[in-house]
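Atoms within each ligand, like the ligands themselves, are counted from 1 in listed order. Residue indices begin at 1 and follow the sequence shown.
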Amino acid sequence: VNSDPLARVRGAVAAREAAGLRRVLRPRPSVETILDLAGNDYLGLAREPRVLQAAALAALEWGAGSTGSRLVTGTTELHATLEGELASFCGAPGALVFSSGYLANLGVITALGGPEVAIVSDAGNHASLIDGCRLSGSPITVVPHRDLDKIDAALASTDLPDRIVVTDAVFSVDGGLAPLTELHEVCRSYGAVLVIDEAHSLGVVGDLGRGAAFAAGLAGAPDVVLTATMSKALGSQGGAVVGSQRVIDHLVDAARSFIFDTGLAPACVGAAEAALSLVAKDSRLSARALANASLLASYARELGLETSSPAAAVVSVVIGAPAAALAAQALCAEHGVRVGCFRPPSVPDGRSRLRLTARADLTDDQMATVRSALEAVADQTAPSA
Ligand SMILES: Cc1ncc(COP(=O)(O)O)c(C=O)c1O
């Protein structure tokens with residue numbers, strides 16, 4: 001008999017403690033003086049008055065919760081409206097709202113995959129895509145980041161006729177864009193479905209922020225399935241799958257994370273719908289996020305820090321060792337800027353980095369504050385003479 005059923009957990013906690021890898025929750029107050037570049041509110045819509053009002057009105061009209069799963073009572077007319085608008089914004093026939101982007105990814109990959117379906121997945125994919133692949137029971141080949149030849153080889157080497165390639169459109173850690181046009185060509189040559197996660201590209205990339213697939217001319221392609229989240233550029237919560245009506249209908253029947261989950265709360269649906277309407281009307285929102293991202297990356301480069309040209313609102317500044325990245329993050333906080341920090345296993349050894357969100361609503365003064373913070377980081381990380 002195990003006298004201490006949680007001994008293993010204690011051991012795991014101690015091991016993480018010793019490796020400096022404990023994670024800590026830090027509840028934030030509603031009003032803060034620090035400039036937040038760690039969140040994913042790319043367009044600054046999470047507190048936009050029209051978005052907030054839509055959330056409040058939706059709650060007042062439809063209730064605090066959706067009251068049930070989507071197939072029972074959890075589908076309001078508001079959910080249907082949002083689905084129609086998401087589909088038309090992305091240029092696809094249909095859309096289905098899930099209660100998070102994570103669950104949308106689990107749902108679509110498990111419903112399209114299975115032991116008879118080969119999946120090829122980019123090594124840089126988000127955890128929700130990875131978990132969807134694992135849960136699907138499909139044979140999975142993980143290929144090196146953005147490596148088209150390896151994807152081609154993986155598709156060629158399977159005997160299974162049904163194949164899926166899964167990729168982020170914009171990778172959450174390095175902010176780089178997947179080569180979607182080329183990926184689609186490879187998929188087409190093998191009759192494979194291409195699943196693209198637009199979490200970091202919806203609202204930011206392409207005309208009006210219609211997403212990376214739209215920008216690559218893949219909108220509405222029958223062999224392309226998009227997933228998205230409303231928790232980033234749209235400032236709300238919730239996820240969605242966008243694609244052909246055949247895929248959407250299949251998900252309603254087969255996606256367990258859709259069927260066995262309470263529908264997205266009306267306030268989130270209302271907020272997402274209002275945010276989407278603002279994005280669809282005003283190309284300045286996505287343009288400003290992209291311009292701020294280029295500017296932040298140019299500051300970093302001028303200061304001798306390692307960064308790449310951002311494809312969306314994510315700017316990644318490589319620091320190196322995990323402790324140095326944490327120190328750089330703390331230095332930014334001292335200079336009034338909260339930034340994200342990625343360490344192994346989220347990034348390869350020696351590639352720990354800061355992650356800055358180039359929000360569309362940053363003022364010139366705030367951009368100057370970020371520049372000062374990066375200057376301090378550059379001074380701290382510069383090799384001593
Ligand atoms: C690429 C990617 N996909 C999916 C998700 C999950 O979306 P959500 O937060 O809505 O569950 C995230 C982040 O959270 C993400 O970065």
Side-chain angles (χ1 to χ4, degrees), residues 23 36-43 45-46 55 79 82-83 86 90 95-110 121-136 142 145-146 165-178 180 183 194-205 209 211-213 225-243 255-258 261-265 267-269 271-273 275-276 289 293 310-316 340-342 345-347 353 355-358:
R23 300 171 199 259
D36 178 33
L37 299 196
N40 295 312
D41 184 17
Y42 297 141
L43 303 180
L45 295 179
H79 288 77
L82 176 60
E83 286 169 346
L86 275 170
C90 296
L96 193 67
V97 165
F98 286 65
S99 61
S100 75
Y102 185 96
L103 292 175
N105 280 340
L106 285 197
V108 74
I109 300 176
T110 52
S121 173
D122 187 292
N125 279 346
H126 186 258
S128 54
L129 294 171
I130 296 170
D131 293 352
C133 292
R134 290 177 180 161
L135 204 56
S136 71
V142 177
H145 189 38
R146 292 162 45 106
V165 173
V166 178
T167 187
D168 276 339
V170 169
F171 290 90
S172 40
V173 174
D174 64 18
L177 192 64
L180 295 182
L183 266 177
L194 178 59
V195 175
I196 304 170
D197 182 345
E198 298 261 25
H200 300 282
S201 38
L202 183 77
V204 181
V205 175
V225 180
L226 309 178
T227 67
T229 172
M230 273 87 82
S231 67
K232 301 190 193 296
L234 299 184
S236 179
Q237 300 234 164
V241 175
V242 182
R256 293 171 65 84
S257 63
F258 175 82
D261 186 38
T262 296
L264 183 64
C268 298
V269 181
E273 198 273 329
L276 188 61
V314 178
V315 178
S316 173
C341 177
F342 282 103
S346 307
V347 292
R353 64 194 65 205
R355 181 188 189 275
L356 283 64
T357 294

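The nearest heavy-atom contact from the protein to atom 13 (C) of ligand 1 is Lys232 NZ, 2.7 Å. Nearest protein heavy-atom neighbour of atom 5 (C) of ligand 1: His126 CE1, 3.5 Å. Looking from atom 11 (O) of ligand 1 to the surrounding protein, the closest heavy atom is Tyr102 N, 2.9 Å.
Under the side chain to side chain contact (heavy atoms under 4.5 Å, CB included) rule, Tyr102 has a single partner from Ser257, Ser128, Ser231, which is Ser128.
Between the choices Ser172, Ala240, Ser231, the shortest heavy-atom distance to atom 9 (O) of ligand 1 belongs to Ser231.
A donor-acceptor pair shorter than 3.5 Å can be found between the side chains of Tyr42 and His200. Thr167 and Asp122 share no donor-acceptor pair across their side chains, judged by distance under 3.5 Å alone.
The shortest N or O to N or O distance between Gly101 and ligand 1 is under 3.5 Å. By the 3.5 Å distance cut-off applied to N or O atoms, Asp168 is not counted among the residues near ligand 1.
If you take CD1 on Ile130 and CG on Leu135, they are separated by 13.5 Å, rounding to the nearest 0.5 Å. We find the CG-NE2 distance between Asp131 and His126 to be 9.0 Å, quoted to the nearest 0.5 Å.
Scanning for side chain to side chain contact (heavy atoms under 4.5 Å, CB included) contacts around Ala265 gives Cys268, with sequence neighbours left out.
Residue contacts with ligand 1 for Asn105 involve side-chain atoms from C-beta outward but no N, CA, C or O (heavy atoms, distance under 4.0 Å).
Close approach to Ser128 involves these atoms of ligand 1, each under 4.0 Å from a residue heavy atom: 3 (N), 4 (C). Near His200, with a cut-off below 4.0 Å to any heavy atom, the atoms of ligand 1 are 1 (C), 15 (C), 16 (O). In summary, the atoms of ligand 1 found under 4.0 Å from a heavy atom of Ala199, numbered by their order in the structure, are 1 (C), 2 (C), 3 (N), 15 (C). Of all atoms in ligand 1, numbered sequentially from 1 with element shown, those under 4.0 Å from a heavy atom of Asp197 are 1 (C), 2 (C), 3 (N), 4 (C). For ligand 1 and Thr229, the ligand atoms under 4.0 Å from any heavy atom of the residue are 7 (O), 8 (P), 10 (O).
By the 6.0 Å contact criterion, CD on Glu83 is enclosed, its count of non-hydrogen atoms from other residues, nucleotides or ligands being greater than 12.
Shown here for Cys133 and Val166, the closest heavy-atom pair between the two residues is SG-CG2, 4.3 Å.
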